[in-house]
Trainee: 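Dropping a structure here in structure tokens format, bear with me for questions.
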Number of protein chains: 2
Amino acid sequence: MRQTYIKEIAKHVGEEVTIKGWLYNIRSSGKLMFPQIRDGSGIIQGVVFKKAVSEETWKNFELLTQESSIVVKGKPREDSRAPGGYELDITELEIVQIAQDYPITPKEHGIEFLMDHRHLWLRSRRQQAILRIRAEIISAVRTFLDDSGFVLCDSPIFTPAACEGTTTLFECDYFGDEKAYLTQSGQLYNEATAMAFGRVYCFGPTFRAEKSKTRRHLTEFWMVEPEMAYADLEDVMNLAEEFLSYIVARVLDKRQEDLKVLERDISKLEAIKTPFPRLQYDDAVKMLKEGGLEFEYGNDFGSPDETYISQKYDRPVMVHRYPAKVKAFYMESDQENPDLSLSVDVLAPEGYGEIIGGGQRMFSLEKLRERIAEHNLDEASVDWYLDLRKYGGVPHAGFGMGIERCVTWICGIEHVRETIPFPRMLYRLKP
Amino acid sequence: MRQTYIKEIAKHVGEEVTIKGWLYNIRSSGKLMFPQIRDGSGIIQGVVFKKAVSEETWKNFELLTQESSIVVKGKPREDSRAPGGYELDITELEIVQIAQDYPITPKEHGIEFLMDHRHLWLRSRRQQAILRIRAEIISAVRTFLDDSGFVLCDSPIFTPAACEGTTTLFECDYFGDEKAYLTQSGQLYNEATAMAFGRVYCFGPTFRAEKSKTRRHLTEFWMVEPEMAYADLEDVMNLAEEFLSYIVARVLDKRQEDLKVLERDISKLEAIKTPFPRLQYDDAVKMLKEGGLEFEYGNDFGSPDETYISQKYDRPVMVHRYPAKVKAFYMESDQENPDLSLSVDVLAPEGYGEIIGGGQRMFSLEKLRERIAEHNLDEASVDWYLDLRKYGGVPHAGFGMGIERCVTWICGIEHVRETIPFPRMLYRLKP
């Protein structure tokens with residue numbers, strides 16, 4: 001008999017269905033048993049009435065342990081008291097495998113234990129909610145960009161010479177005689193593809209060999225980076241606010257159940273509507289000083305600074321025109337004050353800090369060369385990149401968004417390590 | 001004035017529009033000039049009539065070189081003789097940058113030269129067509145799987161111990177004291193997420209340090225891998241044929257223009273409809289022998305064998321039940337003949353060979369352990385994977401498809417190196 005997925009159970013009320021899944025939990029009260037069954041698409045509460053099933057079936061239910069794999073037959077019925085709105089009157093049970101001593105029990109476990117058992121921890125309700133929201137966000141990102149005329153151009157993972165210094169780069173042996181470095185950003189490649197396709201994006205894993213052990217760092221994380229030819233800082237800010245509000249609206253539309261599991265305050269997400277506030281770096285610094293924070297003008301913001309600024313708003317705030325020296329070498333400078341760059345960081349509300357960084361790219365070949373020299377970079381390693389300023393250079397701009405930070409914010413959770421199926425961190429390479 | 005994209009020009013016939021792009025080509029005949037302008041979304045032929053523009057505009061047009069960046073104003077007009085069906089009567093020109101000696105000219109260039117200039121080569125009509133089709137295929141893959149209840153679960157790039165031997169693995173230094181290997185497949189991780197979500201897929205870059213220099217090998221390539229709990233070989237074959245026919249139909253629907261640029265024989269793609277022929281390995285071997293090919297029963301097929309078999313059919317052929325010893329350790333064996341595995345390779349028609357490989361996974365913990373020992377693998381490195389057979393194991397199955405081989409086939413081109421923006425090969429790490 002064909003499998004019915006729990007998420008589609010509403011369509012099958014009163015019919016006999018087959019559910020193939022795992023025992024999530026079970027409680028019994030004399031002549032009734034209430035197994036909770038999960039099949040990956042959802043969880044449903046079953047009802048087993050001793051008189052309604054064979055003796056063997058009843059006994060088999062008594063054998064079941066947490067995460068045993070089972071196939072059950074029964075009829076779904078609406079029940080407003082049931083968690084998902086439906087219950088299943090079970091008539092038959094087939095045991096596929098009895099799980100022995102499943103390590104993750106309903107009791108509390110330490111985080112290291114859970115991370116060591118990540119391959120099993122993923123089966124829990126909370127982790128499922130987070131990763132479903134992650135998948136929804138990624139789908140929303142791609143739909144938004146595809147529908148807005150951006151062409152997906154995957155940038156390479158292996159990059160040759162280390163353009164911005166090797167300290168935070170992972171180094172790979174490339175057939176013995178060469179070194180390859182794992183990409184930190186598709187930015188430079190995006191600029192090449194933007195000159196070919198006008199509007200492009202790349203979306204893939206990126207890598208930072210940072211020895212940070214904070215709740216916001218992974219060594220391997222996914223980043224989406226749109227880039228536009230014939231565009232400026234203003235266009236980037238317009239794109240960023242449309243993009244983020246679309247993503248949030250999509251999650252609110254499709255993943256209400258999962259947000260409920262996470263006890264997310266929905267009102268905070270419902271507030272995420274364009275336009276987003278825009279704030280010059282200079283004004284953000286004033287705000288910090290007025291708030292009594294110690295901050296030296298010209299520096300980049302630290303986490304506490306970002307938290308302070310973002311908590312002033314109910315939606316993401318776009319801080320623009322950072323000092324050129326705290327931004328990447330390829331940022332265009334502000335004509336009105338060349339010490340400032342045409343850059344923008346988008347800080348998520350509720351203290352989640354930076355989720356997007358972007359800006360307008362340097363147009364002039366000469367100025368770009370000066371910057372490369374100032375940053376002590378090796379010009380030979382980016383000769384191809386300089387070509388983009390020789391052969392029909394145009395004003396262009398774009399941004400990058402780290403997916404895991406975005407998921408952390410939208411889910412309203414503490415730590416980035418729960419936002420990817422198998423997180424990689426300073427001391428975490430397994431499973 | 002707002003930019004109009006060339007692909008939307010049909011909506012603006014008779015209006016004055018602004019096109020922002022690059023000069024693709026230009027020819028003149030006395031009092032007329034015909035600049036071809038590309039903006040990434042398409043190419044349009046412009047018409048400049050000496051009497052209709054200022055003297056300065058005419059002179060500026062004479063200055064233009066290939067790939068100079070320009071902004072033009074004019075009115076689009078239908079013209080059935082024009083390549084895209086429209087021409088632009090140009091009235092104004094703004095030069096953004098004159099390109100000096102653009103290296104890629106309409107004459108023929110050698111492949112090494114073109115690969116060295118890949119960042120510019122991407123601007124050519126043929127490369128654009130291929131990469132647009134790539135983007136369409138990727139979008140189709142995701143839409144199909146998302147709409148079929150598969151949850152995207154990204155598998156990690158960094159993997160710990162080398163489960164299947166290190167010869168074709170790229171090795172990375174992981175903070176000095178550990179080694180990380182770049183993933184060759186998300187398979188093992190997919191099995192964990194399938195036990196959590198029922199139906200999952202991963203889709204990301206994978207790596208093979210193969211010293212092959214063939215037209216079918218990249219060291220870095222993208223792979224999509226769906227995996228299903230409670231599924232068998234039959235389900236995998238059903239999924240694969242639905243999946244491929246959906247992808248081909250989408251490309252036919254959306255990328256006709258690009259297929260035309262590539263001079264693709266559309267009739268070959270229109271034939272790709274379910275059901276696909278299914279052929280046992282044993283029968284495929286018979287076919288080879290009857291065709292006079294030398295082949296020893298029990299071996300894996302080589303490229304010439306795959307080409308021979310696939311040329312017998314007008315649609316992909318699914319060859320199943322390969323000898324267990326030529327397939328991965330985790331393949332389930334056929335109950336009727338344990339020397340055979342419940343595996344399937346899908347061979348694309350027209351001699352393109354294998355694009356999909358998959359099958360049913362080993363259910364039994366004991367047999368899996370035996371296999372691990374037989375393959376001289378380190379059991380400790382896959383202890384977490386063995387957990388999946390202890391805690392509610394279920395029959396499960398899935399496949400992997402290499403994106404670049406699929407693009408090569410659908411585009412009808414020779415070499416995989418043109419199917420990814422920045423290919424990485426044995427001797428190619430730049431740009």
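Numbers restart at 1 for each chain; the letters A, B, ... are given by sequence-line order, proteins then strands. Everything quoted here is computed from the prediction, not taken from an experiment. Both backbone and side-chain heavy atoms feed into the values below; hydrogens, waters and symmetry mates do not.
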Trainee: Do you know which of A:A192, A:G198, A:P156 has the most heavy-atom pairs with chain B at a distance under 4.5 angstrom?
Mentor: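 When all of A:A192, A:G198, A:P156 are compared, A:P156 has the most.
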
Trainee: Quick one: which of A:S139, A:A196, A:P103 has the most heavy-atom pairs under 4.5 Å with chain B, could you say?
Mentor: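 If we count pairs closer than 4.5 Å to chain B, A:A196 comes out on top.
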
Trainee: If the threshold is 4.0 Å, N to carboxylate O, is there a salt bridge linking A:E404 and A:R134?
Mentor: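 A salt bridge is present here (some side-chain N lies under 4.0 Å from a carboxylate O).
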
Trainee: With chain B as the partner, which of A:T219, A:T143, A:L120 has the greatest number of non-hydrogen pairs under 4.5 Å?
Mentor: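 Looking at each of A:T219, A:T143, A:L120 in turn, A:T219 comes out on top.
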
Trainee: Given that the side chain runs from C-beta out, which part of B:W222 has a heavy atom under 4.5 Å from chain A: side chain, backbone, both or neither?
Mentor: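 The side chain, not the backbone.
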
Trainee: For B:K390, is the NZ atom crowded, meaning more than 12 foreign heavy atoms sit under 6.0 Å from it?
Mentor: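 Enclosed.
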
Trainee: Between B:E136, B:H119, B:E67, which residue shows the highest count of heavy-atom pairs closer than 4.5 Å to chain A?
Mentor: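 Top option by heavy-atom pairs under 4.5 Å: B:H119.
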
Trainee: For chain A, which of B:A135, B:C153, B:P395, B:P205 has the most heavy-atom pairs under 4.5 Å?
Mentor: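 Option with the top pair count is B:P205.
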
Trainee: Identify which of B:I157, B:D177, B:I420, B:L182 forms the greatest number of heavy-atom pairs closer than 4.5 Å to chain A.
Mentor: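 With the most close heavy-atom pairs to chain A, the winner is B:I157.
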
Trainee: Given that the side chain runs from C-beta out, which part of B:D146 has a heavy atom under 4.5 Å from chain A: side chain, backbone, both or neither?
Mentor: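 The answer is the side chain of B:D146.
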
Trainee: Counting only heavy atoms not in B:D101, do more than 12 fall under 6.0 Å of its CG?
Mentor: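 Not buried by this count: 12 neighbours or fewer within 6.0 Å.
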
Trainee: Judged by modelled atom types alone, do A:Y5 and B:R199 share a side-chain donor-acceptor pair under 3.5 Å?
Mentor: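 Yes, a side-chain donor-acceptor pair sits under 3.5 Å.
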
Trainee: Which is it for A:K430 and B:D383 under the salt bridge (charged side-chain N to carboxylate O under 4.0 Å, His left out) test, yes or no, and what are the steps along the way?
Mentor: CA-CA 11 Å; A:K430 208 189 157 189; B:D383 51 359; 3.0 Å; yes

Trainee: Among A:F207, A:Y427, A:F170, which residue meets the ring-ring contact (aromatic ring centres under 6.0 Å, His included) test with B:Y174?
Mentor: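 For B:Y174, the ring-ring contact (aromatic ring centres under 6.0 Å, His included) test succeeds with only one of A:F207, A:Y427, A:F170, which is A:F170.
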
Trainee: Which one, B:Q100, B:R38, B:R142, leads in non-hydrogen pairs under 4.5 Å with chain A?
Mentor: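 Option with the top pair count is B:R142.
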
Trainee: Just so I know, are the side chains of B:F221 and B:I403 near enough to count as touching, which here means a heavy-atom distance under 4.5 Å?
Mentor: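 In short, these two side chains do not touch, never coming nearer than 4.5 Å.
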
Trainee: Where does B:R125 contact chain A at under 4.5 Å (heavy atoms): side chain, backbone, both or neither?
Mentor: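 No part of B:R125 comes within 4.5 Å of chain A.
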
Trainee: Against chain B, work out which of A:Y230, A:W22, A:Y189 has the most heavy-atom pairs shorter than 4.5 Å and name it.
Mentor: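 The residue among A:Y230, A:W22, A:Y189 with the greatest pair count is A:Y230.
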
Trainee: Which one, A:Q97, A:R132, A:E8, leads in non-hydrogen pairs under 4.5 Å with chain B?
Mentor: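 Going by pairs under 4.5 Å, I would pick A:Q97.
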
Trainee: Looking at chain B, which one of A:Y102, A:F175, A:Y385 has the largest number of heavy-atom pairs inside 4.5 Å, strictly under?
Mentor: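 Highest number of pairs under 4.5 Å: A:F175.
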
Trainee: Of all the heavy-atom pairs spanning B:G40 and B:Q128, show the shortest one and how long it is.
Mentor: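 What the structure gives for the nearest pair is O-OE1, 4.0 Å.
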
Trainee: Is there a donor-acceptor contact under 3.5 Å from the side chain of A:T168 to the main chain of A:E210?
Mentor: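 It does not hold such a pair.
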
